[in-house]
Each structure stands twice: as structure tokens, then as C-alpha cells.
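Read through the structure below, which is laid out as C-alpha cells, and then see the notes.
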Amino acid sequence: MAGIHNAIVIGGGIGGPVAAMALQKAGIEATVYEAYDGTADGVGGALSIAPNGRTALAAIDAGLEAAVAAAGRPMRGMVMQSWTGKRLGEFGDIPGLPGQLLVWRSELYRTLYTEAVRRGVRIEHGKRLTGLTDDAAEGRVVARFADGTTAAADVLAGADGIRSTVRRLVDPSAPQPRYAGLLGFGARCGGEGLEDTVGKMHLVFGKRAFFGYVAAPDESGWFANLPHRTPMSAAEAKAVGAQEWLRRLAEVFAEDRTPAARMIRRTAPEALVITGGLEDIPSVPVWHSGRVVLLGDAAHPTSPSSGQGASLAMESGVQLARCLRDLPVPQAFAAYESLRRERVERIIRMAARTNSDKAAGPVARVLRDLLMPLAMRFADPAKFTWQFDHPIDWAARVAAPESVALPA
């Protein structure tokens, strides 16, 4: 270990606990500080854990990966459809890689929280970050919280999401989130009378909006991306009311020859998850300063359309821990950024192109529906394998970047 004994992790969502467990494996004691007073049980919709996310968890240990796998359901492939119900193409599991998982965010959160606490990671709630002092002379960073308390450690990692306070403190001129032109919704519903999708996620470019669903006799789930000209925060969207959104969504999908409208109509208002506008940031210029570093959506916020947000956060937590294990702080942070930036920004760009297809206007939708069957017919699934096939060799020593000099 490169002289680093302890770390502060800001943010107790998905990336924070994973980073804390990875740091612990690297011999660095990490404490997670979460702004909210309570846990996030029951909060959030469905998300996917990609094969690379499972690989990152397994790099910490097999038990953690198995616990997350048990919290989700295997997703055995993705079927692309048009609003007419026509199959445009299908992608299955990639040989030699873990299968994709579909998991509800609340259940993933609870699993990671439980595993972190079981392993001795301390998680403190009600700790809203308000300021930082990076004391180079003392070799430590001090975090200040709204309740008047402070915490000090050798390094601080910001895993506090797309509207990261840590990012703003590190770089006040950092770009703001970019609206993708879509609002997000999702829910669980009963599966009675629906054709079983046998663990496959169906992704439908609807006539007026995008719809994804899985159906099974015991439980089904869906999500929708609704084009909306002006951005809405989650709070603004929730103020419209779940009942009204369900009415609008059923109307939007009424002409689609898919189960969309039927699934929406059988959804209870209290089951609807309203996430507000989909957002990303194409590139965060500053990932680290002094003894402070960003990870997850604080460093590389991709929209949910990537299917990679949680998995990339897991990867970053593991890679950051490896770098801090092997290198002094300046070199560790530079090596971490070198390992991560090109990969995550490429995925952000891919998701942005997907959002453009989902938010297409009337003319663009016609062109999309004409051209997509042809594009899917000749699509080479191997071209997408790079984002899923991302091994992490925990035991390998991280090399120091040549361009970063140690302080005198």
C-alpha cells in the first residue's frame, strides 16, 4: 500500500459502498458519508448489471458478486422491436462472460449496503457535504458537513452522483448535466395474461415513445422514455401525479402493437417510479485535485440508456482502489483517470446516440423505422463486446503514469 491508510467516501448509493469495499480489500479503511438521514430502501426503478459490472464485483470477491446476482434476475438477451411488433434483431449472452442481470435499484442498494456493513465498512447518515479543505502540508483532506461535524482522511472520493457536490468543490466551472430530451418512468406489474419473455428484455422503438419490458407469470416490469421538449426534475414530474402520467403513457402507447398500453393500465399509481429527465455529461474535465477524486456518476455520468451506469461505477471503485494500493496519491489519481476516461466517455457517447433515436421527431421517426431493420440485419454483435468484456486483474500492479511527477 502506497502510504494511504484511510479514505472518506461521499455518497452511499451504488458506487460509494462498492468503492469502500474495494478500498478495504486494498488495505485502506474507508468510511461512507451519506447526505440523507435514512437508507434508500424502496427507492428507484429497475436497472441492469452488465457482465463487466459483475466482473468488477468479482474482483473484490466472489461472495459479493454472488450476493448481487441473488438480488437480481438473469437477463438472457435483448430483443429489439418496432412499434408494429416486428422483431428487428436479438442479442444474447456473450460466451465466456457472466450473464446480464436485471435488478431493482432498491434491492441492489440494500444488498450492497448489507454487504458493506457486514464487512465492517462504517456508513454514516445525515452527513451533507458543504466544504473541503485539502491540507497538503499535513497530507490529509478534511470534509465539512452541514451538521457542523468534520471528518479527515488521507484521501476523499466523491461518489455523490450526477449533481455531485464534490465535483463542484473540486471544479466550480464543471459543466452542468445535459438534458437528453426524455423523461423516465418505470414500474412492476402483474404478469397474468402476458406472453412470457423468458428472461429477455424487449426494447421497443414505439410510434411516439420508447418502451422496455420483461414479462413473467409471477412478476413483470417495464420502463418508458417519453420525449418531452422541456426538462423536468424528478420533483417537478412527480408533482404532475402518478395517475396522470399513467393516463398519458397509456395514450402515448395506445397505437403500438406491443403489451405496452396493457402493462401501463394494470400498473398501480403507487408502483410508478418517476425519475424525471434523463441526463448525462459528455465529459467532466477535472476528475481529481490534490487528495480528492471523483468516481461513478460524479466523474462519468451516463444516461440510463447506456445500461451501464451502475456497472461503470463498480469498475471505477475497483480501479481506484487498485491505484491507491500501488501508487502515491498524485500518480494513483492520474493512473486511475488514464484507465477510465476513454472507456467511460465512449459509452456516454453511445448512450447519447441511443437517446437521439428515442427522442426522434415525426420525420426522424419515419426514417428510423425504415432504416433500423436494415441496420439491425447487418449489425455485428462483436462490435459491442468491448464494453462488456472488461477484465480487471486485481493482483496486477498498477504502473505509474510517466507524465506525473512526485512532489519534491
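Model, not experiment: these values are computed from the prediction.
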Check: Does NZ or CZ of Arg128 lie under 6.0 Å from the centre of the six-membered ring of Tyr33, at an angle within 45° of the ring axis?
Finding: no
Note to self: Is the positively charged end of Arg322 above the ring of Trp394, judged by distance under 6.0 angstrom from the centroid and angle within 45° of the axis?
What the structure shows: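 No; the conditions do not both hold, so Arg322 does not lie above the ring face of Trp394.
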Report yes or no: do [X] and [Y] form a side-chain donor-acceptor pair below 3.5 Å?
X      : Y      : value
Ser164 : Asp160 : yes
Gln331 : Asp326 : no
Glu29  : His5   : no
Thr149 : Asp147 : yes
His300 : Ser316 : yes
Ser173 : Asp171 : yes
Arg188 : Ser220 : no
Asn52  : Ser311 : no

Below 4.0 angstrom, N of the basic side chain to O of the carboxylate: do [X] and [Y] qualify?
X      : Y      : result
Arg343 : Glu315 : yes
Asp61  : Arg119 : yes
Arg346 : Glu342 : no
Asp280 : Arg349 : no
Glu251 : Arg248 : no
Asp93  : Arg76  : no

Check whether any side-chain heavy atom of [X] lies under 4.5 Å from a side-chain heavy atom of [Y], and answer yes or no.
X      : Y      : result
Arg340 : Leu312 : yes
Glu34  : Lys127 : no
Asn225 : Ser305 : yes
Arg266 : Leu194 : yes
Ser356 : Arg353 : no
Val117 : Ile123 : yes
Met314 : Glu65  : no
Val155 : Val292 : no

Next item on the list: Starting from the C-alpha separation in whole Å, work towards a yes-or-no answer on ring pair (Phe, Tyr, Trp, His ring centres under 6.0 Å) for Trp222 and Phe211.
Entry: CA-CA 7 Å; Trp222 60 268; Phe211 191 78; 5.7 Å; yes
Next item on the list: Go through the steps for Ser283 and Arg341 under the test side-chain contact (heavy atoms from CB on, under 4.5 Å), then give the verdict.
Entry: CA-CA 9 Å; Ser283 180; Arg341 182 180 283 278; 3.3 Å; yes
[X] atom [atom1]: more than 12 heavy-atom contacts under 6.0 Å:
X      : atom1 : result
Lys25  : NZ    : yes
Glu124 : CD    : yes
Glu244 : CD    : yes
Glu107 : CD    : yes

Next item on the list: Locate the shortest heavy-atom distance separating Val318 from Ala56; write the atom from each residue and the value.
Entry: CG2-O, 3.4 Å
Next item on the list: Determine, using ring centers only, whether Trp83 and Phe253 are less than 6.0 Å apart.
Entry: no
Next item on the list: Measure from the ring center of Tyr113 to the ring center of His125 and say whether it is less than 6.0 Å.
Entry: yes
Check: For Asp134, does its backbone N or O pair with a side-chain atom of Arg291 as donor and acceptor, under 3.5 Å?
Finding: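 Not a single qualifying donor-acceptor pair exists.
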